[in-house]
Amino acid sequence: MDARLLRSFVAVAEELHFGRAALRLHLAQPPLSQQIRKLEEIVGYPLFTRTSRAVKLTSAGETFLDHARRTLRKVDEDLEETRSVGRGEVGFLRVGFIGSSMLTRLPAMLGRYRAQFPKVNLQLREFHTSGVIEALLESTLDVGFLRDSGPVEGLDVEPLFSEPFIAVVPSKHPLAKRKTLTGVELRNEPFVLFTPLASQRAYDKTVSICEAHGYRPHVVQEAPQWLTILRLVGAGLGVTIAPACVQRIATPDVSCKKLTFSSARSRVSSDIELAFRVDETRAIVKTFCNLARTTLGHGSRS
């Protein structure tokens, strides 16, 4: 018994007229009559009594009508659920992110995704960039947001947007009086930097700003969180170079300055990247990534 026979039966039972039921189903009347006869053969009992003037349900037909409606509702629900999965609107999605990305437009994008796809079980986990990469490769995450990762074997990594670097100095430091700073002016300062264990390439990119001005930074302290780094800078342990988003958590004891470069060629920026496995084909991941590109990608105004 297929859903087509049940839909034909329900139409006749509700219309109690083969002609009107045929119009409703966009069928000719003879094929509809054949379908009802086939259904009655399967059931083993008449479902309708037919006279020249009327069509009525038998007792068996009345009982079967309730079951047929429930079955069709379940079929429709199952079809819609399957289509929702195919559209990436239902399922379980594990997303990893780096802490500093919470200071960008990413939280708004995640809120927008949850509002648009409320049936997706969205699980968020915070890592350093190295941890996101490891979890993606181990298939314990489905999508990740990285900072300055660059290419990774086994992953598709694509830049979403870039932000400039800034210099952060103690608020009582003489350099705090300047509107802008260059890498040269930080040459003789002790540095507090983000640990390279979190992302070697991100660390190297920061160091390259100093190297472009002829020196390697004298690193006196490393730390795994930007809030920790800013507090140490505020306490006078040194200066740092940070992505511009870090200004959002700056405290009064530090001063954030625009970092200028001697030439466009030497200019360095920090990239927030989207990453997923190269063999990823699921619609739920594609839908999420498309929204991330639309909301966060270069040129987006969201």
Identify the heavy atoms of [X] and [Y] that sit nearest to each other, and give their distance.
X      : Y      : result
Val278 : Asp156 : CG1-N, 3.7 Å
Pro170 : Val233 : CG-O, 3.2 Å
Leu175 : His173 : N-ND1, 3.0 Å
Glu126 : Gln225 : OE2-OE1, 4.4 Å
Leu47  : Glu40  : N-OE2, 2.8 Å
Lys286 : Thr281 : CE-O, 3.6 Å

Atom [atom1] of residue position [X] - does it have more than 12 heavy atoms of other residues, nucleotides or ligands inside 6.0 Å?
X      : atom1 : result
Tyr45  : OH    : no
Arg114 : CZ    : no
Arg231 : CZ    : no

For Trp226 and Phe194, take the angle between the two ring planes, folded into 0 to 90°, and tell me which bin it lands in: parallel under 30, tilted 30 to 60, perpendicular over 60. parallel

Report the relative orientation of the aromatic rings in Phe9 and Phe48; use parallel for angles under 30°, tilted for 30 to 60°, perpendicular for over 60°. tilted

Step by step, work out the side-chain contact (heavy atoms from CB on, under 4.5 Å) result for Ile36 and Arg50. CA-CA 12 Å; Ile36 298 301; Arg50 306 167 179 80; 3.2 Å; yes

Just checking, any donor-acceptor pair under 3.5 angstrom between side chains of Arg147 and Ser270?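 Side-chain D/A pair, Arg147 to Ser270: present.
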
Checking Asp271 against Ser162: is there a side-chain donor and acceptor pair closer than 3.5 Å?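 Yes.
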
Are [X] and [Y] side-chain neighbours, meaning at least one heavy-atom pair lies under 4.5 Å?
X      : Y      : answer
Val95  : Tyr113 : no
Leu186 : Pro217 : no
Ile229 : Leu193 : no
Ile133 : Phe127 : no
Thr195 : Tyr203 : no
Val75  : Arg7   : yes
Phe191 : Thr206 : no
Phe145 : Leu274 : yes

Got a donor-acceptor contact below 3.5 angstrom from the [X] side chain to the [Y] backbone?
X      : Y      : value
His17  : Gly19  : yes
Gln123 : Phe92  : no
Glu280 : Val285 : no
Thr58  : Pro46  : yes
Thr287 : Ile284 : no
Asp2   : Leu5   : yes
Arg277 : Asp142 : no
Thr180 : Lys258 : no
Ser208 : Glu211 : no
Glu185 : Thr182 : yes

Working to the nearest 0.5 angstrom, can you tell me the gap between [X] [atom1] and [Y] [atom2]?
X      : Y      : atom1 : atom2 : value
Lys74  : Asp76  : NZ    : CG    : 11.0 Å
Met102 : Ser100 : CE    : OG    : 9.0 Å
Arg216 : Cys210 : CZ    : SG    : 9.0 Å
Thr228 : Glu222 : OG1   : CD    : 13.0 Å
Thr240 : Leu232 : OG1   : CG    : 10.0 Å
Ile98  : Asp148 : CD1   : CG    : 8.0 Å

[X]-[Y] co-clustered via ILVMFWY side chain contacts under 4.5 Å:
X      : Y      : answer
Ile209 : Val184 : no
Val169 : Val219 : yes
Leu227 : Phe97  : no
Leu57  : Leu32  : yes
Phe261 : Ile166 : no

Please determine whether a side-chain nitrogen of the Lys or Arg among Lys172 and Asp253 lies less than 4.0 Å from a carboxylate oxygen of the Asp or Glu. no

Under a 4.0 Å threshold between the charged nitrogen and the carboxylate oxygen, would Arg248 count as salt-bridged to Glu163? no

Could you walk me through whether Leu39 and Phe64 pass the side-chain contact (heavy atoms from CB on, under 4.5 Å) check? CA-CA 11 Å; Leu39 184 59; Phe64 190 69; 3.9 Å; yes

Would you check, one step at a time, whether the test side-chain contact (heavy atoms from CB on, under 4.5 Å) holds for Phe288 with Leu110? CA-CA 9 Å; Phe288 180 88; Leu110 295 173; 3.9 Å; yes

Please evaluate residues Glu134 and Glu138 with respect to the criterion side-chain contact (heavy atoms from CB on, under 4.5 Å), reporting the C-alpha separation (whole Å), side-chain torsions for both, the decisive distance (0.1 Å), and the verdict. CA-CA 6 Å; Glu134 182 179 354; Glu138 292 179 349; 3.4 Å; yes

